[in-house]
Every structure is written in C-alpha cells, then in structure tokens.
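Order of the sequence lines sets the chain letters (A, B, ...), proteins ahead of strands, with each chain counted from 1.
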Number of protein chains: 2
Amino acid sequence: MTEIDDVDHRLLRMLREDGRRTFSEMAPEVGLSVAAVKRRVDRLRDSGVITGFTIQIDHAKLGRAVEAFVEITYTGSTPVGEIVRTAYRAPEVQAVHTIAGAPDALVQVRVRDIAHLQQVIDGLRRTGHVTGTKTLMVLGSWTRN
Amino acid sequence: MTEIDDVDHRLLRMLREDGRRTFSEMAPEVGLSVAAVKRRVDRLRDSGVITGFTIQIDHAKLGRAVEAFVEITYTGSTPVGEIVRTAYRAPEVQAVHTIAGAPDALVQVRVRDIAHLQQVIDGLRRTGHVTGTKTLMVLGSWTRN
DNA sequence: ATTGAAACCTTCCAGTA
DNA sequence: TACTGGAAGGTTTCAAT
C-alpha cells in the first residue's frame, strides 16, 4: 500500500466531486503550488489509486429508466471466470459482483422497461449453469460523489 | 427527453472511457470541428445527460479492501427518506438503493476489514426501524467503463 | 518548491451553409 | 439551426534554479 497523506485525500475528494477540477484551482485550496499538486495527482495515478477519469450519466435520460439488481446462483461446478463472462456479455449489464455464499453473483442491470428487463433476465438464466435468480427492482438510488 | 444522435453516443462512450479526453482529441474521431464537439458536450451537460465528471478509485489501495452489499428490511411504517438518510450517514456507505419488495434497501459499503464491516452493519441495524439484514460479501467486481 | 517559457487546450465570436 | 475557423486567454507541462 502506498503512503497517502491528508493532502492526497483532499485532492481525491475534490476530484471525485469534479474530475475536471484544474491543478491551478486545487493548488490554493491545499496550500501547494500547481506543480506540486500535479506531481501528487500523477503519483496517485501511477500508484494505481486513481484508476481513471470518467463521467456520470443519467441513464434515464438515455431511455434506460429501469434499474435492477439480479442475484444469481450457479451450480457448484461453475468457475468464477465463466460467471463473469456470461453475465458481462449483455450490454445492459453495468456491473458484476461475485459473492461469497449465496447468491453467487450480484448483477446490476439497466434497461428500458419491464419487458426489456424480462428479456435480459431470461438471457442471464440461459447462459452458464444458472440454478436460480432473484430480481431486486430499484426504486431510487443515492451514490456518494 | 432530449434528442441524442449517434455522434452524441460516441462522445459519451469516449468520455466514459476517459473523462479527460479533450475536445480537440475527440473532434477528428467524430469528424466535427472542436467548437461543434464542445457545443454537443455542453448540451449533454445542460440537458442533464452528463451529470458530472469524476475519478475512479481503487479503494483497496486506500485501506478499504473489503466490499459488501447489505440488504435491509424495515418495518412497514418506515418512510423512504429516513431509510436513505440513516444509511447514508455512515461514511463507509458508498450507495443506497431503495428496492420494491423485499428487501427494502440495498446498501453498498466499503470497509477496512471484517471487524470494521461488523461495526458498520451494527450501525445500520441500530438506526431506523430495521427488522433484518443480510450481508453479501463481494469477492470480485467488474464494472463497465 | 518555485519560476519561467513553450505548447496545448478551451472558449468565444463572427461568418457560412 | 448547426457547423467552421481563427484569435484570445488560461492551463498544462517541462526544465532550471
């Protein structure tokens, strides 16, 4: 594990709130020079703490208003790699988490409507050696920035 | 809903892969001028499709190696706002999803270790009118970029 | 850590199809 | 209405102190 001090944590929080904040904007807030801030952010990227820059999207505005988590259980002989690969194949799948215990996987999906959800779940059930699924329909989400 | 054409989708995909991609870098890829690309990205932000820019963080490198989802059920009289507020209070909570049916909420947490997880779950159980929890320990995660 | 300079990007405005 | 092109201002980046 790399050494992360308080200034690094503040820089991370600022960038999590706005990934486009400029070095010259952050420098006075942490009391360092622009170059020093750049060196720290570069180090956070090189050490793998920051894995990338991205955007947050309102999927509802893109016609995918329905969000759900699908819990999946597999036969005991199904390897993890296959679990992830088969689930991840569907473009509606946003994330796959493998789980210790039951269920074996938790899959986050985003779809247009209920009919589309049905179709994606059917696809998940068909692939691999699925023994059962349980779907958790999301009513609302609050994610930490 | 705003009109999103193919070029907009390509810009969104590029920015999701790298939120720092510059206008001048994207312009030739979509066959437009820099100013035209800026106008489109501005419009995607103004219309609320792009809700923000952020960074992706490897939390394990920050000393929070353990990830889990906690399913929570509440008494029938608990309002949604309180569900979210009480869960969201803990800084270990990354996201709160309210669910239709059972459970009532799915809470994503990141913690240092199992002892820390125990402590956070205890905190979740104490607040509000929780009638039960079930914890899904994450072994691995794959998120779409 | 700071300074200074070069290169690059963003931003805006007027012009054009 | 949407795109192009150029010019101005700011930011990043690198080298030297």
Side-chain angles (χ1 to χ4, degrees), chain A residues 1-65 91 94 110 112 143-145, chain B residues 1-64 94 143-145:
Chain A
M1 192 171 110
T2 28
E3 285 310 314
I4 309 289
D5 66 7
D6 184 59
V7 172
D8 287 327
H9 274 110
R10 283 159 68 195
L11 293 174
L12 284 173
R13 192 163 43 79
M14 287 186 229
L15 287 173
R16 206 161 58 153
E17 286 167 3
D18 179 4
R20 274 198 169 177
R21 218 165 252 184
T22 61
F23 299 141
S24 27
E25 199 176 3
M26 293 187 289
E29 289 196 50
V30 297
L32 288 179
S33 68
V34 172
V37 170
K38 170 179 162 46
R39 257 168 28 98
R40 279 175 179 265
V41 173
D42 284 347
R43 200 162 53 87
L44 287 169
R45 284 198 345 171
D46 294 343
S47 64
V49 173
I50 295 176
T51 60
F53 296 79
T54 188
I55 54 175
Q56 295 159 325
I57 296 179
D58 182 345
H59 290 84
K61 289 229 168 68
L62 291 177
R64 291 201 174 169
Q94 293 294 313
R110 265 185 226 285
R112 286 188 304 275
T143 302
R144 208 173 282 285
N145 264 349
Chain B
M1 194 171 110
T2 30
E3 284 309 314
I4 311 289
D5 66 8
D6 184 58
V7 172
D8 287 328
H9 275 110
R10 283 158 69 194
L11 293 175
L12 284 173
R13 192 163 44 79
M14 287 186 230
L15 286 173
R16 204 161 60 156
E17 288 167 1
D18 179 4
R20 272 197 170 179
R21 216 165 256 184
T22 62
F23 298 142
S24 28
E25 200 176 1
M26 293 187 290
E29 290 196 50
V30 296
L32 288 178
S33 70
V34 172
V37 170
K38 170 178 164 47
R39 247 174 37 88
R40 279 172 179 266
V41 173
D42 284 347
R43 201 161 54 89
L44 287 169
R45 284 199 344 170
D46 294 343
S47 64
V49 174
I50 294 176
T51 59
F53 295 79
T54 188
I55 54 176
Q56 294 158 326
I57 295 178
D58 182 346
H59 290 85
K61 289 229 167 67
L62 291 178
R64 292 203 174 168
Q94 293 296 312
T143 303
R144 208 174 282 284
N145 264 349

- Item | Distance, nearest 0.5 Å, that separates CG of B:Asp58 from CD1 of A:Ile50 | 11.0 Å
- Query: Would you say A:Arg39 has more than 12 foreign heavy atoms packed within less than 6.0 Å of its CZ?
  - Reply: no
- Task: Check whether any side-chain nitrogen or oxygen of A:Ser24 sits under 4.0 Å from OP1 or OP2 of D:dT12, and answer yes or no.
- Result: yes
- To the nearest 10 degrees, how far apart in direction are the end axes of the helix from C:dA1-D:dT17 to C:dA17-D:dT1, each fit to five base pairs? 30°
- What nucleotide, of D:dG5, D:dC3, D:dT11, holds the atom closest to the side chain of A:Thr22? D:dT11
- Taking all heavy atoms of B:Leu12 and all of A:Ile55, pick out the closest pair and write down the distance. O-CD1, 3.8 Å
- Taking every non-hydrogen atom, the tightest pair across A:Arg20 and B:Phe53: NE-CE2, 3.3 Å
- Going 5' to 3' along DNA chain C, which nucleotides are the first and last within contact of chain B (any atom under 4.0 Å from a heavy atom)? C:dC9 to C:dC12
- Message: Give the residues of residues 36-47 of chain B touching DNA chain C, defined as any heavy atom closer than 4.0 Å, sorted by residue number.
- Response: B:Lys38
- Item | Atom-to-atom span, CE of A:Met26 to P of D:dT11 - whole angstrom | 12 Å
- Task: Quick one: closest heavy-atom pair of B:Thr54 and A:Arg16, and the distance?
- Result: OG1-O, 2.7 Å
- Verify side chain to side chain contact (heavy atoms under 4.5 Å, CB included) between B:Leu44 and B:Ile4, making sure each step is shown before the conclusion. CA-CA 9 Å; B:Leu44 287 169; B:Ile4 311 289; 3.7 Å; yes
- Query: If you take all heavy atoms of B:Arg43 and B:Glu3, which pair is closest and at what distance?
  - Reply: NH1-O, 4.0 Å
- Task: Give the rounded distance in Å between these two atoms: CZ of B:Arg20 and P of D:dT11.
- Result: 14 Å
- Task: Please report the closest heavy-atom contact between B:Asp5 and B:Asp8, naming both atoms and the distance.
- Result: OD1-N, 3.0 Å
- Query: Can you name the closest pair of heavy atoms from B:Arg21 and B:Leu15 and give their distance?
  - Reply: O-CD2, 4.1 Å
- Mark yes when over 12 heavy atoms from residues, nucleotides or ligands other than A:Arg45 sit less than 6.0 Å from its CZ; otherwise mark no. no
- In whole angstrom, give the distance that lies between atom CG of B:Leu32 and atom P of D:dG5. 11 Å
- Query: Are B:Leu32 and B:Arg40 close enough, and set up right, to give a side chain to side chain contact (heavy atoms under 4.5 Å, CB included), and what steps lead you there?
  - Reply: CA-CA 10 Å; B:Leu32 288 178; B:Arg40 279 172 179 266; 3.5 Å; yes
